[in-house]
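Only one structure is covered here, and it is reproduced in the block below.
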Amino acid sequence: MSQYRAIRGMADILPEETPLWQMLEQTARDVLMAHGYREIRTPIVESTDLFARSIGEVTDIVEKEMYTFLDRNNESLSLRPEGTASTVRAMVQNGLLNASQRVWYLGPMFRYERPQKGRQRQFHQIGVEAFGIPSPDQDAELLLLSRQWWRRLGIDDVLTLELNSIGSSDARHNYKAALVAYLQQHLDAIDDDSRRRLTTNPLRILDSKDAGTQTVLEGAPSISDFLDDQSKAHRDRLAELLSRASLSFVWNDRLVRGLDYYNDTVFEWTTDQLGAQSTVCGGGRYDGLVQQFGGKATPAAGFAAGLERLILLLQVLELQADELTDLYVVSADETTLSHAMAETDRIRADYPGLSVTQHLGGGSFKSQFKRADKSGAKWALIFGDDEVASGLVTVKPMRSDGEQQTLTASELNKFLSRLEQASEESED
RNA sequence: GUGGCUGUAGCUCACCAGGUAGAGCACCGGAUUGUGGCUCCGGAGGUAGUGGGUUCGAGACCCAUCAGCCACCCCA
């Protein structure tokens, strides 16, 4: 038991797992680049006020989940609980919103919650935000983009897209009143939490997990009856675009989201493979946020995907990332090691596509080959006394049955070129 | 913030009416003095999460605390 442990809810991501993370992230980068989105990097710390105002003062995130502290100047700062607020701030501050923009970001987020499966206090999101386009084609592009990512990861079969329109703030205001009025007639049939939320955040009652409350909700008014014509048209056009692109989805008129800034389109990609935390990706449209941050009125939409949950999903489905070690360099003693080190350095310079590990610290050939085997290397390069004395090197196959061969310098170069080529092809 | 379950070797776990710890895997070495994967042999590794209590004696019982897992709340 070590003296120090990581802070609760903040996990180490170990070398064994990082290849999967890198694959996940690289796939996202590829897809985003293929859609013309550009990366933005913003600070992890912002003024507390930025989050409070955008996410909503009375949301759980702001009320009890933020890591907030005073800096040495007595300014209240917070670790970011999500990425949209910082992104909008940066876009406005840097004057980038005079044209439409497509951006994405990747990084850690922080929420002070009780950890459970698929939930950490420090977790990672890839977020995608599009500014300047009010029409539903933008919503559709974001959804198609996300689906391409799932396809490349091989998880599209286990994900479901849930969609809803929560309309304008007027519509939500009217709907809230109707919902509260309805629920007040059934006070005795709903759970305590929901009763409490009646005054704090009535829309959240919609996704209560309490069976009695759900029964009551079956007779509740639906947000869809409160949408104005513009919101309905937006919703219907989005549905049409998705259908044309064969992206199937389910309407869920109980889908509301925990952040205040959304309007019209909201969505979640969910799975039944992860226990209680079923949402892997969520987002929607937020046409009012830019103006609220002092920019000129700019429509926007976006989503964020939780990387820990996607990793969990990849692991459940037993999808793996390859760890590529091509060569493991073995030598006999101090003299041959110094030769081997210089030669390995040369190989790395001349064949940058190869992954080469040199055995360090000496030891018997036997133990060095055990290491070579465990490294997963395809070949061992052997610099023994005989080889070094005659300017040769032996290559031994570790993953196939062939015989080892002793090569001249030029034969080795041919061998390495072929290997580098094969290795690059297998990566694509 | 609330609830349930769990904390013994790096990992997965055992033992035991309460009498000061064991296996498998992993690790290191040897059988093979220049060659891995299989097999065999050997070795190292633990103040039993931490603190207190009950007891002649506690890893085992009790309390507290910390941590992990899962669920609620809420969210990615």
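For A:Arg8, taking side-chain heavy atoms from C-beta onward, the closest of the listed nucleotides B:A76, B:C28, B:G68 is B:G68. In this structure, of B:C75, B:C73, B:G29, it is B:G29 that holds the atom nearest to the side chain of A:Ser367. Comparing atom distances between the A:Pro115 side chain and each of B:A71, B:C69, B:A76 picks out B:C69 as nearest. For A:Gln277, the side-chain atoms get nearest to B:C75 when compared with the rest of B:C75, B:G36, B:A71. Residue A:Ile61 has its side chain nearest to B:C75 when only B:G68, B:C75, B:C72 are considered. Closest to the side chain of A:Asp386, from the set B:C72, B:G34, B:G36, is B:G34. Minimum atom distance to the side chain of A:Phe365 is reached by B:U35, of the listed B:G37, B:C75, B:U35. Among the nucleotides B:C73, B:A76, B:G1, the one closest to any side-chain atom of A:Phe123 is B:A76. Here B:C28 is the nucleotide among B:C28, B:C72, B:A76 with the atom lying nearest to any side-chain atom of A:Arg371. Listed candidates were B:G34, B:C75, B:C72. Nearest to the side chain of A:Arg111 is B:C75.
No hydrogens or angles considered: a donor-acceptor pair under 3.5 Å links the side chains of A:Thr279 and A:Glu268.
Classified by interplanar angle (parallel below 30°, tilted 30° to 60°, perpendicular above 60°), the ring pair A:Trp251/A:Phe249 is perpendicular.
For B:C73, its base never sits under 3.5 Å from the side chain of A:Arg196 at any donor and acceptor pair. On a pure distance criterion of 3.5 Å, no polar donor-acceptor pair joins the side chain of A:Asp373 and the base of B:G37. Side chain A:Lys396 to base B:U35: a donor-acceptor pair is found below 3.5 Å.
Contacts of A:Gly283 with the nucleic acid, taken as non-hydrogen atoms under 4.0 Å apart, are absent. Residue A:Ala304 is in sugar-phosphate contact alone, with no base atom involved, counting any heavy-atom pair closer than 4.0 Å across all strands shown. Within the nucleic acid shown, A:Ile382 comes within 4.0 Å of at least one base atom, counting heavy atoms only. When heavy atoms are screened at a 4.0 angstrom cut-off, A:Glu387 is found touching base atoms of the nucleic acid. Across all strands shown, A:Gln120 has heavy atoms under 4.0 Å from base atoms, whether or not it also approaches the sugar-phosphate. When heavy atoms are screened at a 4.0 angstrom cut-off, A:Gly275 is found touching the sugar-phosphate backbone but no base atom. At a threshold of 4.0 angstrom between heavy atoms, the contacts of A:Gln404 include nucleobase atoms, whether or not backbone atoms are also involved. The residue A:Arg257 sits close only to the backbone: its heavy atoms come under 4.0 Å of sugar-phosphate atoms, none of a base. Nucleic acid contact for A:Lys374: sugar-phosphate only, since backbone atoms but no base atoms lie under 4.0 Å from a heavy atom of the residue. Counting non-hydrogen atoms under 4.0 angstrom, A:Pro108 reaches nothing in the nucleic acid. Among the protein residues, A:Asp385 comes within range of the nucleic acid bases, having at least one heavy atom under 4.0 Å from a base atom.
Base pairing of B:U65: its partner is B:G49, meeting the Watson-Crick or G-U wobble criterion (both donor-acceptor distances under 3.5 Å). For B:C38, there is no paired nucleotide, since no Watson-Crick or G-U wobble pair has both relevant distances below 3.5 Å. In this structure, B:A71 and B:U2 make a Watson-Crick or G-U wobble pair, each of the two defining distances being under 3.5 angstrom. Taking a pair to require two hydrogen-bonding distances under 3.5 Å in either a Watson-Crick or a G-U wobble arrangement, B:C15 remains unpaired. The partner of B:U54 is absent, by the rule that a Watson-Crick or G-U pair needs both atom distances under 3.5 Å. The partner of B:C25, taking Watson-Crick or G-U wobble pairs whose two distances both stay under 3.5 Å, is B:G10.
Proximity of the aromatic rings of A:Phe415 and A:Trp379 is defined here by a centroid distance below 6.0 angstrom, and this criterion is met.
Distance, A:Gln368 CD to B:U33 P: 15 Å, rounded to whole Å. Nucleotide B:C73 holds its P atom 13 Å from the CG atom of A:Leu206, rounded to whole Å.
Distance noted for atom C1' between B:A9 and B:G49: 14 Å (whole Å). A distance of about 14 Å separates the P atoms of B:C69 and B:C11, rounded to the whole Å. Spacing between B:A48 and B:A14 at atom C1', rounded to whole Å, works out to 13 Å. Spacing between B:U32 and B:A26 at atom C1', rounded to whole Å, works out to 23 Å. Comparing the same atom, C1', in B:U20 and in B:G3 gives a spacing of 37 Å after rounding to whole Å. Annotation: B:U47 and B:G59 have their P atoms spaced 13 Å apart (nearest Å). If you take atom C1' in B:C25 and the same atom in B:C16, they sit 24 Å apart, rounded to whole Å. Between B:C62 and B:G24, the two C1' atoms lie 34 Å apart (nearest whole Å).
Residues A:Asp193 and A:Gly363 both approach RNA chain B. Their nearest nucleotides, taken by heavy-atom distance, put A:Gly363 toward the 5′ side.
Under a cutoff of 6.0 Å and an axis angle of 45°, A:Arg89 and A:Phe293 do not form a cation-pi pair. Remark: A:Arg41 fails to qualify as a cation-pi partner of A:Tyr105 under the 6.0 Å distance and 45° angle criteria applied to the six-membered ring.
Judged by distance alone, the side chain of A:Gln292 and the main-chain N or O of A:Arg53 form a donor-acceptor pair under 3.5 Å. Judged purely by atom type and a 3.5 angstrom limit, A:Asp210 uses its side chain to pair as donor or acceptor with the backbone of A:Gly212. Of the possible polar contacts, none joining the A:Ser208 side chain to the A:Arg204 backbone as a donor-acceptor pair under 3.5 Å is found.
Side-chain N/O atoms of A:Gln116 include none lying less than 4.0 angstrom from OP1 or OP2 on B:C70.
Shown here for A:Arg111 and A:Glu82, the closest heavy-atom pair between the two residues is NH2-CB, 3.8 Å.
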